[in-house]
Amino acid sequence: MKETKRYAWVVVGLLWFVALLNYMDRQMLSTMRPAMQVDIQDLQSATNFGYLMAIFLWIYGFMSPVSGIIADKLNRKWLIVGSLLVWSAVTFLMGYATTFNQIYWLRALMGVSEALYIPAGLSLIADYHSSKTRSVAIGIHMTGLYMGQALGGFGATIASKFSWQATFHSFGLVGIVYALVLVFFLREKKASTVQESESIRVKPNLFKGLALLFSNISFWVILIYFAIPSLPGWATKNWLPTLFANNLKIDMAQAGPISTITIAASSFLGVIFGGILSDRWVQKNIKGRIYTSAIGLALTIPSLLLIGFGHSLFNIIGAAFCFGFGYGMFDANNMPILCQFVSAKYRATAYGIMNMTGVFAGAFITDFLGKSTDSGSLGKDFAMLSVIVLIALLVQLYFLRPKFNDFEDA
């Protein structure tokens, strides 16, 4: 038993680095446009760059529910290893691209491969941890995403010292090597007996699972609550470096690290704080996870207004820090809240569908803000996102009413 508990945290540690690579490889492109547009002239258009960022999200979104279904049926270890290996190879190959179309299709392939990871990774962690440690475990895993986002912000800095091609090659090789490490150390979570394992991993009926999910009103509420905050969430990932550069009148080599590190550091603190608070609160109040998530989301509302309209370094960085902290609290509790409403048999499928709605929202806002940047209204449109976040917060507080700390306790 003690060994199982220890290995549950080993899994978090192993997947933490996968999460880092997942976000680092996708994020660094957002800061490398100035370096890449010298060689690929089509990237000089912010609208074209928006298309490039959006294709990843559209493909990632369409693949997310498929990825969840696959993760509920197959061995998640090999799914995670394969996913990491493919997207790392894609990152490596991007260093050889010479045209916009080549970058575009490689970015699309990255969307397919990266989508396979999150439902499998989060459901594996959720299975290894009980309701007493689930939010903390997932929160720690999420810090890997934020660390990857922060390191991705140095893409422009590294490219300015070496080349954007060498940057892609280096990060791609790191992921390929780490995929081999996971082959030896990562293990699937096994049920108590072989027969039980077979019933959980192989036999869940696809149509029955989807019917159960979509007939659950609470799941629809969770979808809305997850999708709407994804608009500012993806906006900060893909366009905050540009907003920092425009509003603070600094070049991207400075704006990229400042913006991504600010968001990542504050989100790191937010997921840890939100995870600990949620795991303790839910032992005393069944809605503890929901209240913790709501507090975090409430912090993002004034932050978005200041990010959009602020023009001083203190105001913008302070607002970005507050946004990251609040979003981290929200992020740490999405899967744990889902576990209060959905059986372990269908959690990866459910999270895949959630991920799809969130990513489609992200694809829309990424494309929209590309046009917004060209028209000079990026800051104003960032600020307007605070209104729809408020709507999501009110919907969540009113409609989500869990009956169990963990649906399996039923």
- prompt: How would you list, by chain and number, every residue that makes a side-chain contact (heavy atoms from CB on, under 4.5 Å) with T373, sequence neighbours excluded?
  reply: A46, W239, T242, N246, L378

Side-chain donor-acceptor contacts of residues 174-181 below 3.5 Å, not counting sequence neighbours, with atom names and distances?
from, atom 1, to, atom 2, distance (Å)
Y178, OH, L14, O, 2.8

message: Taking salt bridge (Lys or Arg N to Asp or Glu O under 4.0 Å) as the cut-off, I'd like each qualifying pair that reaches into residues 379-394, sequence neighbours left out, listed once.
response: none

Name each donor-acceptor pair under 3.5 Å that joins a side chain in residues 16-24 to protein atoms two or more places apart or in another chain, with its distance.
from, atom 1, to, atom 2, distance (Å)
W16, NE1, I140, O, 3.4
W16, NE1, T143, OG1, 2.7
N22, OD1, R26, NH2, 2.4

- request: Drop me the distance from I337's CD1 to S218's OG, to the nearest 0.5 angstrom.
  value: 11.5 Å

- request: Assign the ring pair F360 / F62 to parallel, tilted or perpendicular, where the plane angle (0 to 90°) is split at 30° and 60°.
  value: perpendicular

All salt bridge (Lys or Arg N to Asp or Glu O under 4.0 Å) counterparts of K371, not counting sequence neighbours: D367

Of all pairs that satisfy salt bridge (Lys or Arg N to Asp or Glu O under 4.0 Å), the ones with a partner from residues 354-364, not counting sequence neighbours: none

query: How would you list, by chain and number, every residue that makes a salt bridge (Lys or Arg N to Asp or Glu O under 4.0 Å) with R107, sequence neighbours excluded?
result: none

message: Taking salt bridge (Lys or Arg N to Asp or Glu O under 4.0 Å) as the cut-off, I'd like each qualifying pair that reaches into residues 130-146, sequence neighbours left out, listed once.
response: R134-D406

task: Quick one: which residue pairs count as a salt bridge (Lys or Arg N to Asp or Glu O under 4.0 Å) with a foot in residues 321-340, not counting sequence neighbours?
output: none

field: Qualifying residues under side chain to side chain donor-acceptor pair (under 3.5 Å), relative to Q340, sequence neighbours excluded
entry: none

Sequence-distant partners of N315, side chain to side chain donor-acceptor pair (under 3.5 Å), two or more places apart: S312

message: For Y327 and F330, take the angle between the two ring planes, folded into 0 to 90°, and tell me which bin it lands in: parallel under 30, tilted 30 to 60, perpendicular over 60.
response: tilted

task: Return the orientation label for the F219 and F214 ring planes: parallel under 30°, perpendicular over 60°, tilted otherwise.
output: perpendicular

task: Check side chain to side chain donor-acceptor pair (under 3.5 Å) between Q102 and all other residues, then give those that pass, not counting sequence neighbours.
output: T98

